[in-house]
Amino acid sequence: MAKILIIEDEKNLARFVELELKHENYQTVVENNGRKGLDQALNHDFDAILLDLMLPGLNGLEIARRVRQVKTTPIIMMTARDSVIDRVSGLDHGADDYIVKPFAIEELLARLRAVLRRVKIEKESSQENLGKQKVIKFKDLTIETTNRIVHRGDGKAVDLTKREYNLLMTLIKNKNNVVSRSQLLNKIWGPDSNIETNVVEVYVRYLRNKIDVPGQPSYIKTVRGTGYMVRDEDDEKEAK
């Protein structure tokens, strides 16, 4: 039985979500204060966290950031703010998904099932690959897939977030082929996510800023109106 932490200061909403989760056989813990919620998240084990953005004591972005420093617990951000920058900010601070208030409880339950399912698949995949270090080289990048570490040609490590790493790997595994924004969205955030394609554009920009060499063409090519691709050096020379 999955155990869910609900951090929400709107008590009526928190109670409603708690009752619905219990009806679906989840265990629940509810906190209405940001600092108390963070304490619960850091000192106890949960299968997922439902996290409000605006909270007394400590806001949801800071809670997500601190939790992500030490734990991989899935976080679904619950927020009334739905601009692209707000969504990207929540994801960038460590949230796995978000849902905009007011929401239908069926949608929240579906998103919760989706993140729990992704965690299970990732855990099973990690166990299968344990001890099987694989190194992928692309141009001057060296990628250790088991440790999820990326190095430049000069040996310097590139600090990528989980999503930036997954974005890079998805493009490399499909090198010389265009990957659409919707395909990247489904692969990295999952088919059940509510993320819009313009969020993909933001993450491509983040990734370029970290891996591209100043003064050199970007590793990631934009195919106007379609998506993105990376190409082998030989293919690039042939294309010229």
Side-chain angles (χ1 to χ4, degrees), residues 1-8 10 13-31 34 37-53 55 60-61 63-79 82 87-130 146 148 161-167 169-170 182-196 199-200 203:
M1 184 183 296
K3 187 176 181 180
I4 313 299
L5 173 62
I6 303 167
I7 309 177
E8 168 63 65
E10 191 177 333
L13 177 59
R15 180 59 176 163
F16 171 67
V17 172
E18 178 186 23
L19 291 175
E20 291 293 333
L21 291 184
K22 285 183 175 179
H23 182 71
E24 296 293 325
N25 295 318
Y26 292 104
Q27 292 183 21
T28 61
V29 173
V30 177
E31 289 293 348
L38 177 62
D39 182 69
Q40 284 280 357
L42 295 181
N43 294 297
H44 301 278
D45 291 328
F46 293 94
D47 294 288
I49 300 171
L50 302 181
L51 178 61
D52 185 22
L53 179 61
L55 291 161
L61 293 179
I63 292 172
R65 186 187 69 81
R66 295 192 192 183
V67 170
R68 198 54 75 229
Q69 287 178 337
V70 294
K71 290 190 173 185
T72 59
T73 311
I75 298 172
I76 299 177
M77 193 79 76
M78 302 186 297
T79 175
D82 64 348
R87 294 194 294 269
V88 169
S89 183
L91 295 167
D92 221 29
H93 279 74
D96 294 87
D97 201 353
Y98 63 84
I99 187 167
V100 178
K101 299 177 183 177
F103 51 78
I105 191 63
E106 292 82 5
E107 182 181 359
L108 178 61
L109 292 172
R111 295 192 182 288
L112 181 57
R113 289 192 296 268
V115 297
L116 293 175
R117 187 163 57 246
R118 288 204 298 270
V119 168
K120 182 180 179 181
I121 292 172
E122 289 176 0
K123 187 177 294 184
E124 290 173 350
S125 176
S126 177
Q127 290 173 347
E128 289 176 3
N129 294 325
L130 190 62
T146 301
R148 302 171 72 90
T161 66
K162 178 181 176 180
R163 287 195 176 86
E164 290 165 352
Y165 174 87
N166 289 340
L167 175 59
M169 289 301 298
T170 299
S182 59
Q183 287 174 321
L184 290 171
L185 203 61
N186 289 337
K187 179 67 176 177
I188 297 167
W189 281 274
D192 302 313
S193 71
N194 191 36
I195 312 300
E196 296 179 5
V199 173
V200 175
Y203 274 83

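- With hydrogens and angles ignored, the 3.5 Å screen pairs no side-chain donor or acceptor of Glu107 with any backbone N or O of Ala104.
- Under the salt bridge (Lys or Arg N to Asp or Glu O under 4.0 Å) criterion, Glu18 pairs with Arg15, Lys22, sequence neighbours left out.
- A search for side chain to side chain contact (heavy atoms under 4.5 Å, CB included) contacts involving Arg113 returns Tyr26, Leu109, Ala110, Arg117, not counting sequence neighbours.
- Among all heavy-atom pairs drawn from Lys101 and Asp52, the shortest one is NZ-OD1, 2.9 Å.
- A pairwise comparison of heavy atoms in Asp47 and Pro74 identifies O-CD, 3.2 Å as the closest pair.
- To the nearest 0.5 Å, atom CG of residue Asn166 and atom CD1 of residue Ile188 are 6.0 Å apart.
- Take His44 and apply the side chain to side chain contact (heavy atoms under 4.5 Å, CB included) test, not counting sequence neighbours, and it matches Gln40, Phe46.
- Crowding of Lys162 atom NZ: a count of heavy atoms from other residues, nucleotides or ligands under 6.0 Å not exceeding 12.
- In this structure, Leu116 and Ala2 approach most closely via the heavy-atom pair CD1-CB, 4.2 Å.
- Ion pair Arg68/Asp96 flagged as a salt bridge, since at least one NZ, NE, NH1 or NH2 atom sits closer than 4.0 Å to an Asp/Glu carboxylate oxygen.
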Using the side chain to side chain contact (heavy atoms under 4.5 Å, CB included) rule, take Val17 and Ile4 through it: C-alpha gap first, then chi angles, then the decisive distance, then the call.
CA-CA 11 Å; Val17 172; Ile4 313 299; over 6 Å; no

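- Once rounded to the nearest 0.5 Å, the distance linking OH of Tyr98 with CG of Leu53 reads 12.5 Å.
- In this structure, Glu24 CD and Leu112 CG are separated by 9.5 Å, a value rounded to the nearest 0.5 Å.
- For Asn43, the CG atom sits in a packed shell: over 12 heavy atoms of surrounding residues, nucleotides or ligands are nearer than 6.0 Å.
- By the 4.5 Å heavy-atom criterion applied to side chains, Val29 and Lys3 are counted as neighbours.
- When each of Arg111, Met78, Met77 is checked for a side chain to side chain contact (heavy atoms under 4.5 Å, CB included) with Leu50, only Met78 meets the rule.
- Residues Leu13 and Phe103 are in side-chain contact: their nearest non-hydrogen atoms beyond the backbone lie under 4.5 Å apart.
- For Ala41, the side chain to side chain contact (heavy atoms under 4.5 Å, CB included) partners at least two apart in sequence or on another chain are Leu5, Ile49, Val67.
- Heavy-atom minimum distance, Ile99 versus Ile76: CG2-CG2, 4.3 Å.
- Note that the OG1 atom of Thr28 and the CE atom of Met1 stand 10.5 Å from one another [nearest 0.5 Å].
- Between Val199 and Trp189 the shortest side-chain heavy-atom distance falls below 4.5 Å.
- Nearest heavy atom pair, residue Ala14 against residue Val30, reads CB-CG1, 3.9 Å.
- Between the CG atom in Leu21 and the CG atom in Leu108 there is a gap of 6.5 Å [rounded to 0.5 Å].
- For the salt bridge (Lys or Arg N to Asp or Glu O under 4.0 Å) test, no residue two or more places apart in sequence or in another chain qualifies with Arg163.
- How far OG1 of Thr73 is from CG of Asp45: 7.0 Å, rounded to the nearest 0.5 Å.
- Checked against side chain to side chain contact (heavy atoms under 4.5 Å, CB included), Lys187 has the following partners two or more places apart in sequence or in another chain: Thr170.
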